[in-house]
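The chains referred to below are lettered A, B, ... by the order of the sequence lines, with proteins before strands, and numbering in each begins at 1. None of these values were measured; they are calculated from a predicted model.
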Amino acid sequence: MSERIPQHRYTAELAGQIERRWQERWEAEDTFASANPAGPWASPDDPRLADGRDHRVVMDMFPYPSGAGMHVGHPLGYVSTDVYARYLRTAGTNVMYAMGFDAFGLPAEHYAVQTGQHPRVTTEAAMATYRRQMRMIGLSHEPRRTFATIDPDYVRWTQWIFQRIYDAWYDPDAPPREGSGQAGPGRARPISDLVGQFSAGERPTPDGRPWAELSRVERARVLDGYRLAYVSAAPVNWCPGLGTVLANEEVTADGKSERGDFPVFKRNLSQWMMRITAYADRLTDDLDRLDWPERVRLMQRNWIGRSTGAEVDFPVATVAGDAAQIEVFTTRPDTVFGATFMVVAPEHPVVDQIVPDAWPEGTQEAWKGTGEARATPREAVQAYQREAATKSDVERQKETVEGSAKSGVFTGAYATNPVTGAPVPVFVADYVLMGYGTGAIMAVPGQDQRDWDFATAFGLPVVRTVQPTPDHPEDQAFTGEGVAINSANDQVSLDGLGVAEAKERIIAWLEQTGRGRSTVTYRLRDWLFSRQRYWGEPFPVVWDEDGVAHPVPDDQLPVTLPDVPDYTPRTFDPQDAASEPEAPLARAEEWVETTMDLGDGRGPVPVRRETNTMPNWAGSCWYYLRYLDPDNTRVPVDPAVEEYWIGPRRETVPGAPEGAVDPGGVDLYVGGVEHAVLHLLYARFWHKVLFDLGHVTSEEPFRRLINQGMIEAYVYRDERGFPVPAAEVEEHPSADGGAPAYTWNGAPVTQEQGKMGKSLKNVVTPDDMVDQYGADTFRVYEMSMGPLEQYRPWETRAVVGSQRFLQRLWRNVVDEDTGAVTVVDEELTPELSKALHRTIDAVGTDYAALRTNTAIARMIELNNLLTKLDAVPRAAVEPLVQMVGPVAPHLAAELWERLGHEDLTYTPFPQADPAQLVEDAVTAVVQVKGKVRDRLEVPADIAEADLEALALGSEKVQRFIDGAPVRKVIVRAPSLVNIVV
RNA sequence: GCCCCCGUAGCCCAAUCGGCAGAGGCAGCCCACUUAAAAUGGGUUCAGUGCGGGUUCGAGUCCCGCCGGGGGCACCA
């Protein structure tokens, strides 16, 4: 059987030999090393650094290495960036292309729990598998730049950056750094600047005492209120099932953990936070300067949720008789004349101050609540508060969103509408959330459906203050645009104004009279930064005997994880809301209790180490910076190196606003859309802090982002609905050309498309594909399946098409029987020459635009032309081999060498001759009333009038005109004429 | 409920500015090579662009309304 196959055919075996040979050679020769302008590996004489030469940083989101290794879906983005990087090298660009590992995290910890092995052991093993697979498919990463987030050297700098964040505060009045594209003031500054302001008396202390009179502990408390990394005892997301607290971004809309899908409860716990809210404006504004998919920018904008409006003060009398105010936030201050009642969140502190001992005269029964306790306002309100406290946010929402019935209780107090002077009843209701705005609203049933529902349920009055459209239903709030009505008092009138003008006028009046102010709120909350896990970066922080936090001095970093016998996390019954987090590190007592010289003149003192660890996101917040300068022992990245690679560019990205300043950042970042608001938001935040503090020159980490699609696979299910092994399913074409039928073991099965996974029995690995077809074929197939962004199903059956292409290319150069090179040194025919140059032109454009699928189609086309020739001219096949280089690098390198050349990696991409791209003659289409009726061969530079005359002279055309008067002739020389009769 | 993306041959996908619906691949069918099959090579069939309107000389492309698939947000004041 196999002896029939020609000895030198490009089979999987031969491909494998070629691939291994080139992989070894590339590694031995450091082929992919980039040229460095500065830092430990500086090579200033490298020609790639010459003036005018471009540079690009190309990278993928680094993987979290799972024990199972990669399936064929994982390398899609990697192969794309590799093709792009390889193309750029041939285009004369200095390319930085590296890959590391995101190696802290829960799965390794879970796996370690099951197997009893240390997470480091299993993680290292998984990384070895990934490295082998990435090398096997020919990725041209620069080996010397690789690292994992668990490497002590990397942890050291992650902790170092934490210290800088801890040692900084956000000064909203500070001018931005020179040259930044920031619109308004605001910048992080070292905490020492703040201490300077306090001690100089420029900034008052909270209680007004001079700074010098504050104790050590008091000063620390004051500063903690400003730091960008701080400990707070706020309500946090506690997940007993995982045994840790979680960031808002890690909790799904229905109150479950994103990982594991466990219930999450709000608990008041003391935790590390990052003051990301200080950057809310810049994180929103700077999205405009990035070349990112619109939907990702939209998701970030939604997550940050900037909303402009006004705060309005509603006077209220406390039970003690004092004049107080309830401050509300509204985006519709123009509707304040229609505010007929108020609602405050059950947790709102004002409630205790205003609830009277007895119901006011004439209080409606329905306002007193539904429970037993309704004799006095105090009892009713407390009962309602208790009930609300036992419910999670999600439960609160469920009852009311789905049922649309709103619960609530009258507080017994009345406030005063500041524009009408009318008394308005104050309710507590859980549809108002303490965590958003001021935790209190003015209710305007006329213009807000939620308020309308509440007003209807409690028999409250409705005043429309915006004229609804004529067809608007009588029984609904009107939330649209319209002119203001019923909106005037003695001093100000909004009547007749549109919404925007009305807002402006009423805010001006409120500010003038001290009743309110224009304001901005955000949905974004500070980032909860500590986790009760073992497998993460330890905080470089110790606590002294007074409970004051101290950073571990830089020269003592990294703080490494203690080796403990019991590193498993304490998890609980997922429903056990009352459980307490228990950090695994707290059990390493010898590590926790230590002494340290804190540098404050006291000498070594007893301290307790912080026992929480950083979240998995910490390591991925800055790894792209470390690629730039991985061996630097002085700083995370040399500023000159950073500026060269990712500093702001002179030109802005496409679509950036007029006059914008380029933010810099990685030139191409490819990864899944699932990180749209987690990793990508956190990394942007850290980067901006580093920018403010002067450690980097770029304002953004990732200048251009592409979300690669997912490779899915067919899932076949038997009649019971269970998946059957996809590889064993047989296809049976239908007789009439319709959809085919599928069977497994003779029994019919159904086909659907789904994720690739063990449980669906449809996993295909790169290892299988490289064995069966070779790495180059695998790469070509992945790239020819469609555009990078698209989701598409894997079909192993179709891979053979890519193999045939490479086999034909091989055969166009090498004799399958003898192995001899068969190309001839003949002139190209004019037709072939034109085809070649058109292909060069198109393929170069496609590669540069990451349209690898169409580039491959063009190369197949040219290759098929060559296949038909008796002898293949060298001048045609050599450029083709060069063009194939980015997608099938091993095969191209081999053929290039056999054709008598050196390594292809830096050989300049072929140039298309512009003269060969112009056509002498083209086919002009002649349409009559939009239908094609004739085709004419005409010179490419034909004049419109000549083409028109030629078209009208056509016999076929005249037949279709059929003597009717010609009304109009549209000429698009040289390709089209449309005659309208 | 609101917002975003996508629907082109049996399948994966092409189609600059609105200008001949088809570049490439898979599958199918036919032929060559073969004792035969596989592999390989050559040839070839197949859709009028999810549906309904509109704009236009001309619509896969632009606009409106549906249908189907995917995703995001959701008492956010």
Side-chain angles (χ1 to χ4, degrees), chain A residues 1-2 4-6 9 11 253 293-296 298-299 302-303 305 307 309 328-332 335 343 393 396-401 404 406 429-433 435-444 448-451 453-454 521-523 673-674 676-677 714 731 733-740 751 753 780-781 784-787 789-802 804-805 807-808 811 816 842 845 851 853-861 863-864 867-868 923-932 935 967-970 972 975-981:
Chain A
M1 270 181 23
S2 62
R4 296 272 187 161
I5 295 173
R9 171 163 291 178
T11 58
E294 186 51 39
R295 68 172 164 156
V296 175
L298 202 65
M299 281 161 75
N302 286 343
W303 186 261
S307 155
V328 304
F329 173 72
T330 175
T331 55
R332 290 295 301 276
T335 64
V343 185
D393 282 2
R396 284 195 194 183
Q397 288 170 21
K398 267 201 184 127
E399 286 169 21
T400 48
V401 173
S404 103
K406 299 223 176 308
D430 60 10
Y431 81 93
V432 171
L433 308 175
Y436 185 80
T438 59
I441 63 160
M442 62 179 206
V444 187
D448 184 293
Q449 191 58 44
R450 294 159 303 179
D451 297 345
D453 294 342
F454 194 88
T521 62
Y522 306 87
R523 202 182 91 105
V673 71
E674 65 272 19
V677 283
Y714 292 115
E731 180 177 323
S734 84
D736 56 3
Q751 186 197 50
Q753 198 173 315
V780 170
Y781 177 66
S784 58
M785 290 170 79
E789 295 88 340
Q790 200 148 314
Y791 284 60
R792 60 301 192 108
W794 179 266
E795 198 172 8
T796 297
R797 222 173 38 155
V799 179
V800 70
S802 301
R804 286 179 191 149
F805 162 50
Q807 279 180 342
R808 280 195 287 263
R811 211 160 30 231
E816 283 193 337
T845 313
R851 287 191 301 258
N853 54 326
T854 50
I856 291 170
R858 298 280 196 166
M859 292 187 284
I860 291 174
E861 208 177 355
N863 191 49
N864 288 348
T867 305
K868 292 184 177 69
T923 306
V925 173
V926 185
Q927 300 176 333
V928 179
K929 295 206 294 186
K931 289 225 165 35
V932 180
R935 295 186 163 84
R967 286 195 293 172
K968 196 171 178 186
V969 181
I970 292 112
R972 292 282 178 275
S975 58
L976 180 127
V977 180
N978 189 9
I979 298 162
V980 188
V981 294

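- If you check every strand for non-hydrogen atoms under 4.0 Å, A/N864 touches sugar and phosphate atoms only.
- Using atom P as the reference point in both B/G19 and B/A39, the two lie 41 Å apart (nearest Å).
- Nucleic acid contact for A/E294: none, since no nucleic acid atom lies under 4.0 Å from a heavy atom of the residue.
- A/V980 comes within 4.0 angstrom of the backbone, heavy atoms only, and of no base.
- Looking at heavy-atom distances under 4.0 Å, A/A798 makes contact with sugar-phosphate atoms alone, never a base.
- Residue-level contact check: A/T867 touches the backbone only, with heavy atoms under 4.0 Å from sugar-phosphate atoms and none from bases.
- Distance noted for atom C1' between B/G25 and B/C64: 37 Å (whole Å).
- Of all heavy-atom pairs spanning A/R808 and A/N864, the tightest one is NE-OD1, 3.2 Å.
- Nucleic acid contact for A/Y522: none, since no nucleic acid atom lies under 4.0 Å from a heavy atom of the residue.
- Counting any heavy atom pair closer than 4.0 Å across all strands shown, A/I970 reaches a base atom.
- Out of B/A77, B/G71, B/A23, the shortest distance to the side chain of A/E861 is found at B/A23.
- With values rounded to the nearest 0.5 angstrom, A/R858 atom CZ is found 9.0 Å from A/T845 atom OG1.
- Under the rule for a ring-ring contact (aromatic ring centres under 6.0 Å, His included), the partners of A/Y781 that lie at least two apart in sequence or sit in another chain are A/W794.
- Nucleotide B/G1: paired with B/C73 (Watson-Crick or G-U wobble, both distances less than 3.5 Å).
- Within the nucleic acid shown, A/R811 comes within 4.0 Å of sugar-phosphate atoms alone, with no base atom in reach, counting heavy atoms only.
- Between the A/R792 side chain and the A/P787 main chain, a donor and an acceptor come within less than 3.5 Å of each other.
- Across all strands shown, nothing is found opposite B/U8 as a Watson-Crick or G-U wobble partner with both distances under 3.5 Å.
- Residue contacts for A/N853: at a heavy-atom cut-off of 4.0 Å it reaches the sugar-phosphate backbone alone, with no base atom in range.
- Within 4.0 Å of A/F805, counting heavy atoms only, lies no atom of the nucleic acid at all.
- As judged by a 4.0 angstrom heavy-atom cut-off over every strand, A/P787 is placed among residues touching the sugar-phosphate backbone only.
- For A/R9, whose side chain is taken as the heavy atoms from C-beta onward, the closest listed nucleotide among B/G41, B/U40, B/C76 is B/U40.
- Note: CD (A/E816) to C1' (B/G41) measures 10 Å, nearest angstrom.
- Comparing the P positions of B/G10 and B/G18 gives an interatomic distance of 29 Å, to the nearest angstrom.
- For the pair A/I860 and A/T854, nearest-nucleotide mapping onto RNA chain B gives the more 5' position to A/T854.
- Nucleic acid contact for A/R450: base, since at least one base atom lies under 4.0 Å from a heavy atom of the residue.
- Taking atom P in both B/C57 and B/G68, one finds a spacing of 35 Å when rounded to whole Å.
- Comparing A/N978 and A/I441 against RNA chain B, the residue whose closest nucleotide sits nearer the 5' end is A/N978.
- No contact: A/R967 has no heavy atom under 4.0 Å from any strand.
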